[in-house]
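This report concerns only the one structure given below.
Residue numbers start from 1 in every chain, and the chains themselves are labelled A, B, ... in the order their sequence lines are given, proteins ahead of strands. Remember, it's a predicted structure, so these values are computed and weren't measured experimentally. Keep in mind that the numbers below use all heavy atoms, side chains included, and drop hydrogens, waters and symmetry copies.
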Amino acid sequence: MAEMYNHHTVEKKWQKIWEEEKAFKVSEDYSKPKFYALVEFPYPSGQGLHVGHPRPYTALDIVSRKRRMQGYNVLFPMGWDAFGLPTENYAIKNHIHPKIVTKNNVARFKGQLQSLGYSFDWDREINTTDPDYYKWTQWIFLKLFNAGLAYKKEMPINWCTSCKVGLANEEVVNGVCERCGAPVVRKVKSEWMLKITEYADKLIKDLDDVDYIEKVKVSQKNWIGRSEGAEVDFILKDKDEKLRVYTTRPDTLFGATYMVISPEHPLIDKYKDEITNWEEIQKYREMAARKSDFERTELAKDKTGVVLGGMSAINPVNGKEIPVWISDYVLMSYGTGAIMAVPAHDTRDWEFAKKFDLPMIQVVEGKEGPVDINEAAFTDVATGKMINSEFLDGLEVTEAKEKMKDFLEEKGIGNRKVNYKLRDWVFSRQRYWGEPIPIVHCEKCGYVPLDESELPLLLPEVDSYMPTDNGESPLAAMTDWVNTTCPCCGGPAKRETDTMPQWAGSSWYFLRYTDPHNTEALASKEALKYWLPVDWYNGGMEHTTLHLLYSRFWHKFLYDQGIVPTKEPYQRRTSHGMILGENGEKMSKSRGNVVNPDDIVQAYGADTLRTYEMFIGAFDLSASWSEDGVKGCRRFLERVWKLQTIMTDEEGYSADMETKMHQTIKKVSQDFESLKYNTAIAAMMALINDFYKKNAVTKGEYKTLITLLNPVAPHITEELWQIIGGEGRVYETTWPEYDEAKTVESTVEIARCSGQRKDTCNFEDRQG
RNA sequence: GCCGGUGUGGCGGAAUUGGCAGACGCACAUGACUCAAAAUCAUGCGGGUAACACCGUGCCGGUUCGAGUCCGGCCACCGGCACCA
């Protein structure tokens, strides 16, 4: 009689053996075909692993284990994205150095991951807070600086009132801080910026060459927000002054009935003395400036504004005089900060015109019939044709756009122009626990980069990590660190005290895994050439416009510098759905629906947890946790275990099972590669049900099942392999092959339809 | 408002290119084993009927011998962006 399945002993036993045998150590043999599987490295928080973590990790562990058995040299690494605010806050609160906090959290996370039996090559573990690592983060920053892509700018930034830190646009959600939910206000500060906008076009265009799930591509494109249009110069009446606007609808130029400029537009101050209602203008500007981002979005629908008294503009195409208004629906940060308003054909202009009773001129008519612009703006480009527009009359909108652009360029009153919603990346953080920015400021020489030989610039020990109310980094108080000499002239200079954002270390970590202990370069040329690009990268949708975009930007920059051999870092990108609580809500302490993976591993075993998380539902959709579902998966593994008792000694497949075996191999092989883990497992469940139905399984069938199941449940399958006398280890065996011809059942179907294809097989035949 | 996604049993979810809807699992019911329970095993399990018939994939219509799948028009929910000219 077979022994009972005891997951405690089985899992401990095999984890130890794998470690001793260095089972998953990556081979340095660059002649083998390679496969680079990557999951987002976690932030080692104090809470420990969440049940959400194992979902993507198990998925790519499955693929990695399968690919190894198929003869690939697989790189499946893990590390720690360990700089960041929660660690720093915890350190402040508990008076422990962030370094110690990180060390403890990493140890906990690593233990948890190891208890789940992942096939990571732990010899390649990396940590972004390790000076040997962040040396290269700083090195890349210097490259960016020397290429003119890192610059310092005095600008209004998103300031989180609670974290006391500047945020990137991507980190502000609905006007509040993405991390803590506190309101974000504008604050003018001198900040380090990275020119991601320089890469806007490449970041869009090269999406064509990679295999990302569609919604990721769409989100990135929308976020970058490319639009094609024209800039047009209007003339301020009686002044030698042009007022330049940006528009995507140059075809509607004859319909412009007024102009609007942003409250921050510099022209307002310039003509201060000539504006007849200065006090009113001043009041409006103050009100607009006081609005927080949150209020601005809340009040977005209701248009406000004030006319600029004593000013008017001339439409360059027809010489008509039109008024100029200021309103906060025009943003200084986009285009030129000024627009021509065409209320008949733009919804926002229409609302504004209705509210202030401004005139409208219709210049586009519906092709299929008249439209009433008193009801709503007519904005449909596809079904319009031009009217009231002199030389454009009768043209389709798209034709008219081009004709007008030509006209503007010919007459020298405008030009074609592409704009982006994407802003440059605010790269400064006024916090302690981040990479120091390797720049010094010298009165004489300006911002001077450190020499490469001075890297890493170590994070100094400070007495207090407390963020300051005045917006200065805690490092600023370290005067003996701050005061230094200029690398350029040798005179007195001050170090930069802001640190890098958490996104810095994660923007290139996948490069380091290829050669993690290199002291001469971020990775050797050979390693990069062999391993890149990452073949399959899985990660959360929440990083689409943050980490994923940032790292593509850095990679493209490094490519242009000749440092990496590929234009794109990741060939394939997939995303997993969230695991929700039993009640269908997001897991959180306050809702009391949090499941701790340690408890599941303890009670049911890692193999059960892995199987369950893969079986829970479609990989890309969110799914609710169910303890009964966990039990079902445990039951399945026990039934696999007990197949021993009905095993026969035959090495091959029995005749009646042959088709089923080949079908299952095919299904599992394909499903593992296409995110359909749930149906792969269902196929294996169906297979063992068949074994039990006939109360027999051959040794050959059992071995195939064990191999197919091994990537999902690696411990129990190694144990079974050993019990039934399999040679060597499952992890180093060969992935089963299937014969396409043997997957087809010989059926009555063919006889019934007399071998005809479905198109020729008519309904009556099928009835007969 | 714009973009993307999803609607299938009591529940999670399956259904290559249109071809037996509900695979697989959970829950439930009945039976076997047990003094009993749990576990395990067996059987059943969309609605409807004594059994058929018949009705069933969010709603309305269309194409087709045949529609969960394709086309047109709606509705609901989820996610993202949100005054980007």
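Qualifying side chain to side chain donor-acceptor pair (under 3.5 Å) partners for A:N593, counting only residues two or more places apart in sequence or in other chains: A:N583. With sequence neighbours excluded, the residues that form a salt bridge (charged side-chain N to carboxylate O under 4.0 Å, His left out) with A:E228 are A:R226. Under the side chain to side chain donor-acceptor pair (under 3.5 Å) criterion, A:T574 pairs with A:W536, A:N538, sequence neighbours left out. For the salt bridge (charged side-chain N to carboxylate O under 4.0 Å, His left out) test, no residue two or more places apart in sequence or in another chain qualifies with A:R639. Every residue meeting the salt bridge (charged side-chain N to carboxylate O under 4.0 Å, His left out) condition with A:E740, not counting sequence neighbours, appears here in chain and number order: A:K666. For A:M685, the side chain to side chain contact (heavy atoms under 4.5 Å, CB included) test picks out A:F615, A:F636, A:I681, with sequence neighbours left out. Contacts of A:H543 classified as side chain to side chain donor-acceptor pair (under 3.5 Å), with partners at least two apart in sequence or in another chain: A:E40. A search for salt bridge (charged side-chain N to carboxylate O under 4.0 Å, His left out) contacts involving A:D346 returns A:R348, not counting sequence neighbours.
Within the 4.0 angstrom heavy-atom criterion, no nucleotide atom of any strand lies near A:S626. Here A:S333 lies out of heavy-atom contact (under 4.0 Å) with every strand. Across all strands shown, A:N419 has no heavy atoms under 4.0 Å from either base or sugar-phosphate atoms. A:K421 comes within 4.0 angstrom of a base, heavy atoms only. Residue contacts for A:T248: at a heavy-atom cut-off of 4.0 Å it reaches the sugar-phosphate backbone alone, with no base atom in range. Residue A:K676 is in sugar-phosphate contact alone, with no base atom involved, counting any heavy-atom pair closer than 4.0 Å across all strands shown. Contacts of A:G629 with the nucleic acid, taken as non-hydrogen atoms under 4.0 Å apart, are absent.
Applying the side-chain hydrogen bond (donor to acceptor under 3.5 Å, both in side chains) test to every pair with at least one member in residues 615-630 of chain A, sequence neighbours left out, gives these pairs: A:Y604-A:E627.
The pair A:D201-A:K205 fails the salt-bridge criterion, with no side-chain N (NZ, NE, NH1 or NH2) lying under 4.0 Å from an Asp/Glu carboxylate O. Salt bridge annotation for A:E402-A:R416: present, with a cationic side-chain nitrogen under 4.0 angstrom from a carboxylate oxygen.
For A:T679, the listed nucleotide lying nearest its side chain is B:A14; candidates were B:G4, B:U40, B:A14. The listed nucleotides are B:C3, B:C81, B:A85; the one nearest the side chain of A:W223 is B:C81. For A:N689, the side-chain atoms get nearest to B:G25 when compared with the rest of B:G25, B:A85, B:C3.
For A:N695, no side-chain nitrogen or oxygen approaches OP1 or OP2 of B:C41 to under 4.0 Å. One finds no side-chain N or O of A:R639 lying less than 4.0 angstrom from the OP1 or OP2 phosphate oxygen of B:U40. Applying the 4.0 Å criterion to OP1 and OP2 of B:A85, one finds that A:S227 has a side-chain N or O inside that range.
Base orientation for B:G9: syn, the chi torsion being within 90° of 0.
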Distances for protein N/O vs nucleotides 27-30 of chain B N/O pairs under 3.5 angstrom?
unit_1	atom_1	unit_2	atom_2	d
B:A27	OP2	A:R635	NH2	3.4

Every protein N/O within reach of nucleotides 11-13 of chain B N/O, cut-off under 3.5 Å:
unit_1	atom_1	unit_2	atom_2	d
B:G12	O2'	A:I616	O	2.8

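Remark: the A:S227 side chain and the A:Y246 side chain contain an N/O donor-acceptor pair separated by less than 3.5 Å.
Helical stems involving RNA chain B, defined as 3 or more consecutive Watson-Crick or G-U pairs under 3.5 Å, span B:1-7 with B:75-81, B:10-12 with B:24-26, B:28-32 with B:40-44, B:58-62 with B:70-74.
For A:K303 and B:C83, a side-chain-to-base donor-acceptor distance below 3.5 Å is present, hydrogens and geometry of angles not being considered.
At whole-Å resolution of the value, CE in A:M541 and C1' in B:C81 are 12 Å apart.
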